[in-house]
Amino acid sequence: MNHPGKKNWNKDYYGGALLVILGVSAAYAARSYNLGTLAHMGPGYFPFAIGVLIALCGILLVLTAKKKPSGDEAALVGHNHDIPDFRGAACIILGTVLFFFAGEYFGLLPATFCIVFVSALGDRSNSVLKAIVLSAGMMVLSVVIFWWALQVQMPLFKWGF
(Lines give C-alpha, C1' and ligand atoms only; values in the text may rest on other atoms or scores of the structure.)
Protein backbone atom coordinates (compact mmCIF):
# COMPACT_ATOMS: atom_id res chain seq x y z
CA MET A 1 0.00 0.00 0.00
CA ASN A 2 1.37 3.40 -0.93
CA HIS A 3 1.44 6.14 1.66
CA PRO A 4 1.35 9.79 0.59
CA GLY A 5 4.75 11.41 0.79
CA LYS A 6 6.59 8.07 1.02
CA LYS A 7 9.07 7.28 -1.74
CA ASN A 8 8.69 3.80 -3.17
CA TRP A 9 12.12 2.96 -4.53
CA ASN A 10 12.70 -0.38 -6.16
CA LYS A 11 15.39 -2.88 -5.23
CA ASP A 12 17.93 -1.16 -7.53
CA TYR A 13 18.05 1.80 -5.19
CA TYR A 14 18.80 -0.32 -2.15
CA GLY A 15 21.17 -2.61 -4.03
CA GLY A 16 23.08 0.39 -5.36
CA ALA A 17 23.32 1.89 -1.88
CA LEU A 18 24.69 -1.42 -0.59
CA LEU A 19 27.27 -1.48 -3.39
CA VAL A 20 28.37 2.05 -2.50
CA ILE A 21 28.82 1.07 1.15
CA LEU A 22 30.74 -2.12 0.27
CA GLY A 23 32.92 -0.38 -2.31
CA VAL A 24 33.83 2.52 -0.04
CA SER A 25 34.55 0.09 2.80
CA ALA A 26 36.81 -2.04 0.60
CA ALA A 27 38.69 1.00 -0.71
CA TYR A 28 39.10 2.36 2.82
CA ALA A 29 40.38 -1.00 4.12
CA ALA A 30 42.83 -1.31 1.20
CA ARG A 31 44.42 2.02 2.11
CA SER A 32 46.10 0.34 5.08
CA TYR A 33 48.29 -1.53 2.56
CA ASN A 34 50.90 -0.05 0.28
CA LEU A 35 49.09 1.12 -2.86
CA GLY A 36 52.17 1.66 -5.00
CA THR A 37 51.85 3.06 -8.51
CA LEU A 38 50.32 1.79 -11.72
CA ALA A 39 53.75 0.66 -12.92
CA HIS A 40 54.64 -0.96 -9.57
CA MET A 41 51.41 -1.97 -7.89
CA GLY A 42 51.47 -2.66 -4.20
CA PRO A 43 49.32 -5.21 -2.38
CA GLY A 44 46.59 -2.65 -1.73
CA TYR A 45 46.29 -1.31 -5.29
CA PHE A 46 43.95 -3.94 -6.71
CA PRO A 47 41.55 -4.07 -3.72
CA PHE A 48 41.47 -0.26 -3.67
CA ALA A 49 40.72 -0.07 -7.41
CA ILE A 50 38.01 -2.74 -7.18
CA GLY A 51 36.45 -0.97 -4.19
CA VAL A 52 36.31 2.30 -6.11
CA LEU A 53 34.80 0.58 -9.17
CA ILE A 54 32.16 -1.16 -7.03
CA ALA A 55 31.25 2.16 -5.39
CA LEU A 56 30.97 3.86 -8.80
CA CYS A 57 28.72 1.07 -10.08
CA GLY A 58 26.58 1.50 -6.97
CA ILE A 59 26.31 5.24 -7.57
CA LEU A 60 25.22 4.63 -11.16
CA LEU A 61 22.66 2.09 -9.98
CA VAL A 62 21.24 4.51 -7.40
CA LEU A 63 21.05 7.32 -9.95
CA THR A 64 19.17 5.15 -12.45
CA ALA A 65 16.80 3.55 -9.92
CA LYS A 66 13.17 4.18 -10.69
CA LYS A 67 10.32 4.47 -8.23
CA LYS A 68 8.12 1.42 -7.82
CA PRO A 69 4.88 1.67 -9.75
CA SER A 70 1.75 2.12 -7.69
CA GLY A 71 -0.67 -0.79 -7.33
CA ASP A 72 -2.70 0.24 -10.39
CA GLU A 73 0.39 0.69 -12.57
CA ALA A 74 1.85 -2.64 -11.45
CA ALA A 75 -1.40 -4.39 -12.40
CA LEU A 76 -1.23 -2.85 -15.88
CA VAL A 77 2.36 -3.95 -16.38
CA GLY A 78 1.57 -7.46 -15.21
CA HIS A 79 4.39 -7.90 -12.69
CA ASN A 80 3.75 -9.68 -9.44
CA HIS A 81 6.31 -8.24 -7.02
CA ASP A 82 5.12 -10.46 -4.17
CA ILE A 83 6.68 -13.63 -5.61
CA PRO A 84 10.48 -13.47 -5.93
CA ASP A 85 12.04 -14.89 -9.09
CA PHE A 86 14.92 -17.16 -8.16
CA ARG A 87 15.76 -18.28 -11.70
CA GLY A 88 18.54 -15.75 -12.23
CA ALA A 89 20.20 -16.36 -8.87
CA ALA A 90 19.94 -20.14 -9.26
CA CYS A 91 21.50 -20.03 -12.74
CA ILE A 92 24.37 -17.83 -11.60
CA ILE A 93 25.13 -20.08 -8.63
CA LEU A 94 24.86 -23.23 -10.78
CA GLY A 95 27.06 -21.66 -13.48
CA THR A 96 29.74 -20.83 -10.92
CA VAL A 97 29.70 -24.38 -9.51
CA LEU A 98 29.89 -25.82 -13.03
CA PHE A 99 32.79 -23.48 -13.83
CA PHE A 100 34.73 -24.83 -10.87
CA PHE A 101 34.22 -28.48 -11.78
CA ALA A 102 34.60 -28.02 -15.54
CA GLY A 103 37.75 -25.96 -15.04
CA GLU A 104 39.23 -28.59 -12.73
CA TYR A 105 38.45 -31.58 -14.92
CA PHE A 106 37.95 -30.33 -18.49
CA GLY A 107 39.88 -27.06 -18.97
CA LEU A 108 39.34 -23.35 -19.58
CA LEU A 109 37.10 -23.50 -22.65
CA PRO A 110 34.50 -25.95 -21.30
CA ALA A 111 34.49 -24.07 -17.98
CA THR A 112 33.94 -20.74 -19.73
CA PHE A 113 31.14 -22.22 -21.82
CA CYS A 114 29.45 -23.65 -18.70
CA ILE A 115 29.45 -20.45 -16.66
CA VAL A 116 28.33 -18.17 -19.50
CA PHE A 117 25.72 -20.52 -20.97
CA VAL A 118 24.03 -21.41 -17.68
CA SER A 119 24.20 -17.85 -16.34
CA ALA A 120 22.76 -16.45 -19.59
CA LEU A 121 19.78 -18.80 -19.24
CA GLY A 122 18.99 -17.05 -15.96
CA ASP A 123 17.65 -14.12 -18.00
CA ARG A 124 14.20 -15.02 -19.26
CA SER A 125 14.67 -12.87 -22.38
CA ASN A 126 17.60 -15.02 -23.58
CA SER A 127 17.02 -17.98 -25.86
CA VAL A 128 19.23 -21.07 -25.97
CA LEU A 129 20.68 -19.84 -29.28
CA LYS A 130 21.56 -16.44 -27.78
CA ALA A 131 23.20 -18.19 -24.82
CA ILE A 132 25.27 -20.38 -27.16
CA VAL A 133 26.41 -17.38 -29.24
CA LEU A 134 27.30 -15.42 -26.09
CA SER A 135 29.19 -18.43 -24.71
CA ALA A 136 31.14 -18.86 -27.94
CA GLY A 137 32.14 -15.20 -27.92
CA MET A 138 33.23 -15.36 -24.30
CA MET A 139 35.27 -18.49 -25.04
CA VAL A 140 37.20 -16.56 -27.69
CA LEU A 141 37.72 -13.66 -25.28
CA SER A 142 38.86 -15.99 -22.50
CA VAL A 143 41.49 -17.51 -24.77
CA VAL A 144 42.78 -14.09 -25.81
CA ILE A 145 42.71 -12.49 -22.36
CA PHE A 146 43.45 -15.27 -19.90
CA TRP A 147 45.34 -17.91 -21.84
CA TRP A 148 47.32 -15.78 -24.30
CA ALA A 149 47.70 -12.28 -22.76
CA LEU A 150 47.79 -13.12 -19.03
CA GLN A 151 49.21 -16.62 -19.57
CA VAL A 152 47.03 -18.15 -16.88
CA GLN A 153 48.29 -21.66 -16.19
CA MET A 154 45.05 -23.42 -17.07
CA PRO A 155 44.90 -25.73 -20.08
CA LEU A 156 42.38 -24.94 -22.78
CA PHE A 157 41.21 -28.57 -22.79
CA LYS A 158 41.90 -31.27 -20.28
CA TRP A 159 40.41 -34.75 -20.02
CA GLY A 160 40.32 -36.78 -16.90
CA PHE A 161 39.35 -36.89 -13.31
Side-chain angles (χ1 to χ4, degrees), residues 7-68 84-161:
K7 292 185 180 182
N8 293 318
W9 298 102
N10 67 9
K11 60 186 173 185
D12 290 345
Y13 179 79
Y14 298 109
L18 180 62
L19 284 177
V20 170
I21 292 168
L22 289 173
V24 169
S25 298
Y28 181 76
R31 291 191 55 211
S32 64
Y33 297 105
N34 179 18
L35 295 179
T37 64
L38 187 58
H40 300 287
M41 295 179 199
Y45 191 90
F46 187 72
F48 180 79
I50 293 297
V52 169
L53 288 174
I54 289 172
L56 289 175
C57 288
I59 290 169
L60 289 174
L61 195 56
V62 167
L63 293 176
T64 59
K66 305 273 191 256
K67 287 184 179 179
K68 285 184 184 177
D85 184 18
F86 293 111
R87 179 180 174 165
C91 286
I92 290 171
I93 291 169
L94 180 62
T96 304
V97 170
L98 286 174
F99 178 82
F100 172 76
F101 287 109
E104 182 70 26
Y105 298 111
F106 300 113
L108 178 65
L109 290 179
T112 302
F113 181 84
C114 285
I115 193 168
V116 176
F117 181 77
V118 173
S119 297
L121 291 178
D123 183 0
R124 292 188 187 277
S125 65
N126 280 341
S127 66
V128 172
L129 180 62
K130 285 181 183 178
I132 289 172
V133 170
L134 180 63
S135 299
M138 290 305 293
M139 288 169 64
V140 170
L141 283 174
S142 70
V143 168
V144 171
I145 293 171
F146 297 109
W147 192 74
W148 181 75
L150 296 176
Q151 298 179 354
V152 171
Q153 298 299 311
M154 185 175 187
L156 292 178
F157 289 103
K158 174 179 164 182
W159 300 106
F161 289 92

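The basis for the numbers below is simple: all heavy atoms, side chains too, and nothing from hydrogens, waters or symmetry mates. Here, residue 1 is the first one in the sequence, and each next residue gets the next number.
- By the side chain to side chain contact (heavy atoms under 4.5 Å, CB included) test, V52 pairs with A27, F48, L56, sequence neighbours left out.
- For CZ of R31, the number of neighbouring non-hydrogen atoms (other residues, nucleotides, ligands) closer than 6.0 Å is 12 at most.
- Qualifying side chain to side chain contact (heavy atoms under 4.5 Å, CB included) partners for F101, counting only residues two or more places apart in sequence or in other chains: V97, Y105.
- Take S125 and apply the side chain to side chain donor-acceptor pair (under 3.5 Å) test, not counting sequence neighbours, and it matches D123.
- Considering CZ of F86 and CD1 of I92, their distance stands at 13.5 Å, rounded to 0.5 Å.
- Partners of F117 according to the side chain to side chain contact (heavy atoms under 4.5 Å, CB included) rule, which considers only residues two or more places apart in sequence or in another chain, are F113, L121, V128, A131, I132, S135.
- For the pair F157/P110, a side-chain contact is recorded, criterion being any heavy-atom separation below 4.5 Å from C-beta on.
- Across V20, T64, L19, a single residue satisfies side-chain contact (heavy atoms from CB on, under 4.5 Å) together with I59, and that is V20.
- Closest non-hydrogen pair, E104 versus K158, comes out as O-NZ, 2.8 Å.
- Counting only residues at least two apart or on different chains, no ring-ring contact (aromatic ring centres under 6.0 Å, His included) pair has a member in residues 121-156.
- In this view, I21 and S25 satisfy the side chain to side chain contact (heavy atoms under 4.5 Å, CB included) rule, not counting sequence neighbours.
- The CG atom of L98 lies 10.5 Å from the CZ atom of F106; values are rounded to the nearest 0.5 Å.
- A 4.5 Å side-chain heavy-atom check between I145 and L150 finds at least one atom pair inside the cut-off.
- For the atom pair CD1 (I115) and CE (M138), the distance works out to 9.5 Å, reported to the nearest 0.5 Å.
- To the nearest 0.5 Å, the span separating CG on L61 from CD1 on I54 amounts to 13.0 Å.
- M154 approaches A111 most closely through the heavy-atom pair CE-CB, 4.5 Å.
- Within the 4.5 Å cutoff, the side chain of S142 has heavy atoms near those of the L109 side chain.
- Residue A26 comes nearest to G51 through the heavy atom pair CB-CA, 4.0 Å, listed as atom of the first residue, atom of the second, then distance.
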